[in-house]
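The structure appears below as structure tokens.
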Amino acid sequence: MSQDSSNYANVRAFTALLQQYARYPDPVVLMYLHYTFIVHAVENDSNLHRHLLYSYGKSGMPMDALTIFWKITEPELTLWNFVIRLCAKHGENAVSFQLFIRMQVQGNLPDQYSYASILSACHFEEDLWNGKCIHAAILENTVAEDVVVLTALVNMYGECFSLDYANEAFLSMQSQDTVAWNAIITMNIHHGDCEFATLLYKTMQNKGFVPDSVTVTGILSAYANLATLNKGIQLHAQIIASSSKVNAIMITSLLNMYGKCGNISAAKRLFDGICKVDSVVWNAMISAYAQNGQGNDAIELFNQMRNEGVKPTKTTFLVVLEACTNEKAFVCGREMHLLIKQSGYETDLMVGTALLTMYGKCGFLEEAFHVFDKLTNRTVVPWNALIACYSQCTCSADAIQFFDQMLSEGLIPDKITFMNIFPVCSALATIAECMRMHSIAERIPERDDNVRAGLMSMYGKLGRIDDVKSLFYSCSCSASVSVWTALVAAWSEIGSDDNALECFNQMLVEGVLPDKVATVSIITAFANQCSLRRGLYAHACILGAQLELEIDVQNALFSMYAKCGNIDAALSMFKKISIRDAISFRVMIAIFVQLDNMDEAVHVFWQMLYEGMAPDDVTLATILTLCGSHGALSQGLKLHTCSIYMDNLDGFVIETALLSMYSCCGCLRKAWKIFETSGPKDDSIWTSMIEACAFHGEGEACVSLFGYMQQEKSIPDKSTLIKLLLACSHAGLIDEAVHAFCNFSSYHSCEMIVDHFNCMVDVFGRVGQLQEAVEMVKIMPFLPNTFSWSILLSSCRMFFDVKRGESAAASIFELEPENVATYVSLSNIYVTAGASDVGWS
DNA sequence: CGAAACTATG
């Protein structure tokens with residue numbers, strides 16, 4: 001066989017391979033094939049070049065495609081257009097333009113497809129000038145009226161400049177086609193005008209154009225953004241009825257629509273019935289869960305996705321992290337971090353920001369900062385996320401420091417920055433800081449009514465109603481609903497509920513309808529004043545505004561009824577909410593906990609689990625504490641079992657609560673078990689264990705725990721010391737008490753409080769060392785309070801010491817002349833000492 | 001075999 005014919009056979013074989021490849025594109029396989037061609041010296045076949053070029057294009061590798069392209073001598077116009085379009089599609093806009101110029105230099109005149117391709121290389125505002133140049137060239141050309149070119153212009157102006165210009169290009173078409181309609185519809189959706197997009201959709205059909213899958217996709221996202229579930233369902237039904245082929249993109253749009261409209265079960269039914277090889281549909285379903293407060297289902301679905309071998313993408317990380325953040329699922333979040341590291345997305349700005357937000361929401365500020373620190377070319381977005389983390393964890397000073405650091409790095413804060421930093425200033429309660437932030441905020445370009453409202457609520461929280469008012473009156477035009485809300489809240493903050501109500505009325509009079517946020521904050525304001533009458537009034541005012549269906553409003557309403565003392569109304573509202581969220585349950589549980597109604601609290605808690613909602617650790621911990629105080633061991637055990645299956649809970653909080661619950665229910669051994677099996681211990685769990693031992697009279701155990709705690713470098717706080725001293729006192733462990741007391745005072749003398757000394761009075765008094773007890777009262781660096789003397793008095797009574805008892809009683813009378821108990825105690829001393837005849841009456 | 005404008009999840 002000659003060299004030529006063998007080469008020919010190779011070319012045919014490789015061509016076949018490449019065609020096969022097109023069905024399952026994979027960059028690694030493609031590069032391997034390319035390498036093999038070179039080895040077999042068939043690489044220079046021009047036919048093969050074309051195949052390779054297209055294959056690289058399909059795999060989304062524009063630069064490799066270009067390398068092949070340059071080897072082709074005198075490529076025809078279609079190939080030029082192909083590579084221009086390919087580079088544009090993958091963000092290589094500059095390369096597209098170079099190709100476009102080079103093509104013409106080599107004597108090829110652009111046709112309508114060339115113009116359409118090069119226009120698609122203009123995506124951003126910065127590209128507008130290029131786009132306009134191309135537009136000018138088109139106007140000189142015969143293709144100026146071509147619908148393809150004009151559609152590309154619609155898109156270019158829509159993405160780089162304004163909807164108006166896009167509309168102009170659309171209207172300048174002599175006749176539109178479906179694709180052109182699709183372009184103008186999607187442009188309106190991208191600009192947020194979904195109502196108009198649906199109107200265009202109707203018009204298009206009236207004019208006889210048949211919507212295709214692209215139209216449907218766009219309209220579905222319009223319905224999603226408008227949250228018009230019924231329209232969405234209707235369109236879904238039409239899709240099914242038309243029995244046209246449903247592609248993955250349409251499925252994704254449907255999932256998104258159901259998710260945004262809050263109909264998770266419909267989304268899940270759809271999802272279960274499709275072929276799930278594409279990560280995008282998984283992402284959409286995970287996101288639907290995450291956005292509807294079902295973070296645990298989102299996480300579970302993600303695990304299923306991995307089990308089925310679907311590769312997570314950047315978006316997967318973003319949506320799963322969102323779920324972890326909402327659920328405070330730290331364990332899962334940390335696993336995600338590992339995966340993200342492996343995928344090389346750790347330093348991606350979006351992923352990094354989502355990751356640091358997750359850590360921050362879970363309360364792990366160090367980890368959050370660590371992620372932040374690794375990000376390069378930081379924009380204002382990760383800074384805002386970092387500041388928000390520290391602000392929400394009430395690390396106000398750090399938040400301010402980061403703010404200043406951000407400024408010194410030359411970044412300009414945006415309104416989100418201020419939305420985060422204003423609450424920090426009110427938390428710090430330093431007026432100088434508030435004014436400094438105020439003056440910086442005055443200088444940012446995008447200050448708007450939300451920034452103004454933020455400022456007003458900052459001053460409002462500090463009670464500076466005059467500053468709030470002057471900001472309100474400095475509005476150049478009529479105040480927006482957020483500004484009105486801030487004013488109402490500020491009046492309410494200083495307890496002037498008449499003014500708050502008057503402002504609310506004034507707002508209604510001026511035709512400003514309360515939105516969701518306004519309604520919630522107004523209802524909450526009245527709830528905090530326990531003003532049922534005003535709360536009812538606010539409730540009545542919003543009845544017409546379709547707001548009573550909003551879950552946040554419903555939560556605020558029933559909580560208001562409870563705070564104002566009308567529990568029955570609260571409960572019946574709670575029961576009537578059709579789609580309750582996790583917040584509804586947490587609020588309702590908190591209400592019952594506050595009422596010390598364990599049965600109802602536990603009942604709502606189980607109901608919450610039954611409806612698929614995850615409790616947070618605070619909710620579970622408060623219920624456990626309630627069970628403890630009611631001695632409800634069997635409920636406590638059930639809750640313990642159930643907590644084992646939740647991974648979104650803060651271990652320390654739950655373990656500490658469990659420990660206390662067992663201790664209060666009399667199971668010291670179970671409390672010990674919790675303590676022993678918990679990992680590294682924080683201060684609160686040490687303290688709880690000491691308290692538990694004290695409660696059960698295990699004084700010696702308290703003392704040794706206290707010792708261990710200090711060995712572990714855990715610093716006992718003042719309340720731990722009190723628990724310990726009480727335990728020692730009950731167990732008569734004088735030396736141990738003295739030791740702990742002296743030890744603590746030598747290291748933390750500034751934390752010593754009068755209660756510590758009172759405990760020591762009790763320690764000595766209880767065993768009859770009355771002289772030492774008196775000394776304790778004398779040497780304390782505080783003025784002894786009634787308790788100090790009362791403790792001494794009761795010891796004197798126990799040991800029949802009339803003289804010291806009289807002197808203690810005299811001191812109490814000085815402090816509290818009306819204290820009847822003292823008379824009783826003293827008379828008891830006289831009686832027991834057989835000295836009732838000493839002349840006191 | 002292969003061109004073009006409009007398409008989903010964040």
Side-chain angles (χ1 to χ4, degrees), chain A residues 15-16 18-19 22-23 47 50-55 57-58 75-86 88-89 110-120 143 146-156 158-159 166 169-170 173 176-190 204 209 211-222 224 246-257 259-260 267 271 278-291 298 305 312-323 345 348-351 353-354 381:
Chain A
T15 309
L18 277 174
Q19 278 166 7
R23 291 163 64 189
N47 203 19
R50 282 173 172 71
H51 285 299
L52 263 178
L53 176 58
Y54 286 126
S55 296
K58 274 204 186 85
E76 57 271 41
L77 194 56
T78 56
L79 274 190
W80 280 106
N81 291 346
F82 179 79
V83 285
I84 290 171
R85 166 91 193 117
L86 184 66
K89 206 157 112 188
D111 63 0
Q112 67 268 44
Y113 305 127
S114 319
Y115 284 118
S117 302
I118 194 62
L119 280 172
S120 71
V143 301
D146 187 279
V147 65
V148 172
V149 173
L150 285 167
T151 305
L153 268 176
V154 168
N155 212 38
M156 185 278 289
E159 282 191 346
F170 179 73
M173 291 176 198
Q176 289 93 350
D177 64 2
T178 299
V179 179
W181 279 100
N182 291 346
I184 196 68
I185 287 172
T186 46
M187 254 329 130
N188 274 281
I189 295 168
H190 286 175
M204 148 184 197
F209 293 96
D212 63 5
S213 69
V214 178
T215 329
V216 169
T217 313
I219 293 303
L220 280 173
S221 65
V246 180
N247 62 24
I249 296 180
M250 276 162 88
I251 299 278
T252 310
S253 303
L254 279 165
L255 289 174
N256 180 43
M257 182 276 292
K260 292 254 163 64
F271 181 77
D278 188 356
S279 74
V280 182
V281 288
W282 287 92
N283 297 345
M285 190 64 224
I286 294 172
S287 166
Y289 276 134
Q291 287 177 12
M305 171 181 176
T313 62
K314 179 177 155 175
T315 306
T316 317
F317 295 135
L318 291 171
V319 293
V320 178
L321 281 174
E322 186 190 348
Y345 277 117
D348 177 276
L349 276 189
M350 277 174 98
V351 177
T353 304
V381 180

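Here is the naming used below: chain letters follow the sequence lines, and residue numbers restart at 1 for every chain.
Residue contacts for Q291(A): at a heavy-atom cut-off of 4.0 Å it reaches the sugar-phosphate backbone alone, with no base atom in range. Note on N256(A): only backbone sugar-phosphate atoms sit closer than 4.0 angstrom, heavy atoms only; bases stay farther off. D177(A) comes within 4.0 angstrom of a base, heavy atoms only.
The aromatic rings of F170(A) and W181(A) stand perpendicular to each other, their planes meeting at an angle above 60°, with 30° marking the opposite boundary.
Rounded to whole Å, atom C1' of dT7(B) lies 13 Å from atom CE of M204(A). One can place CE of M285(A) at 13 Å from P of dG10(B), the figure rounded to the nearest angstrom. At whole-Å resolution of the value, CG in L86(A) and P in dA5(B) are 11 Å apart. The distance from atom NZ of K260(A) to atom C1' of dA8(B) is 10 Å, rounded to the nearest whole Å. As a whole-Å value, the separation of E159(A) CD from dA5(B) P is 12 Å. To the nearest angstrom, C1' of dA4(B) lies 18 Å from CH2 of W80(A). Remark: C1' of dC6(B) and CZ of F170(A) are 11 Å apart, rounded to the nearest angstrom. Atom CG in N247(A) sits roughly 8 Å away from atom C1' in dT7(B) (whole-Å rounding).
Considering only the side chain of R85(A), dA4(B) comes nearest among dA4(B), dA3(B), dT9(B). The side chain of N81(A) lies closest to dA3(B) when the candidates are dA3(B), dA5(B), dT7(B). When distances are taken from the side chain of T78(A) to each of dC6(B), dA3(B), dA8(B), the shortest belongs to dA3(B). With dT7(B), dG10(B), dA8(B) as the choices, the nucleotide that has an atom nearest any side-chain atom of V319(A) turns out to be dG10(B). In this structure, the nucleotide among dA5(B), dA8(B), dG10(B) sitting nearest to the side chain of S253(A) is dA8(B). Nearest to the side chain of L318(A), among dA8(B), dG10(B), dC6(B), sits dG10(B). Residue T315(A) places its side chain closer to dG10(B) than to any other of dT7(B), dA5(B), dG10(B). Of the candidate nucleotides dA5(B), dC6(B), dA8(B), dA5(B) has the atom lying nearest to any side-chain atom of A116(A). The side chain of T186(A) lies closest to dT7(B), out of dT7(B), dA5(B), dA4(B). Taking only side-chain atoms of A152(A), from C-beta outward, the nucleotide of dA8(B), dA3(B), dA5(B) with the closest atom is dA5(B).
For the side chain to side chain contact (heavy atoms under 4.5 Å, CB included) test, residues two or more places apart in sequence or in another chain that qualify with T78(A) are E76(A).
Side chains of T316(A) and N283(A): a donor-acceptor N/O pair is present below 3.5 angstrom, by distance only.
Residue T151(A) has no polar side-chain atom (N or O) positioned under 4.0 Å from OP1 or OP2 of dC6(B).
The backbone N or O of I184(A) lies less than 3.5 Å from a partner atom in the side chain of N188(A), making a donor-acceptor pair.
Across every non-hydrogen atom of D111(A) and V143(A), the tightest pair is C-CG1, 4.4 Å.
Inter-residue side-chain proximity for M350(A) and V381(A) is flagged as unmet; no heavy-atom pair is nearer than 4.5 Å.
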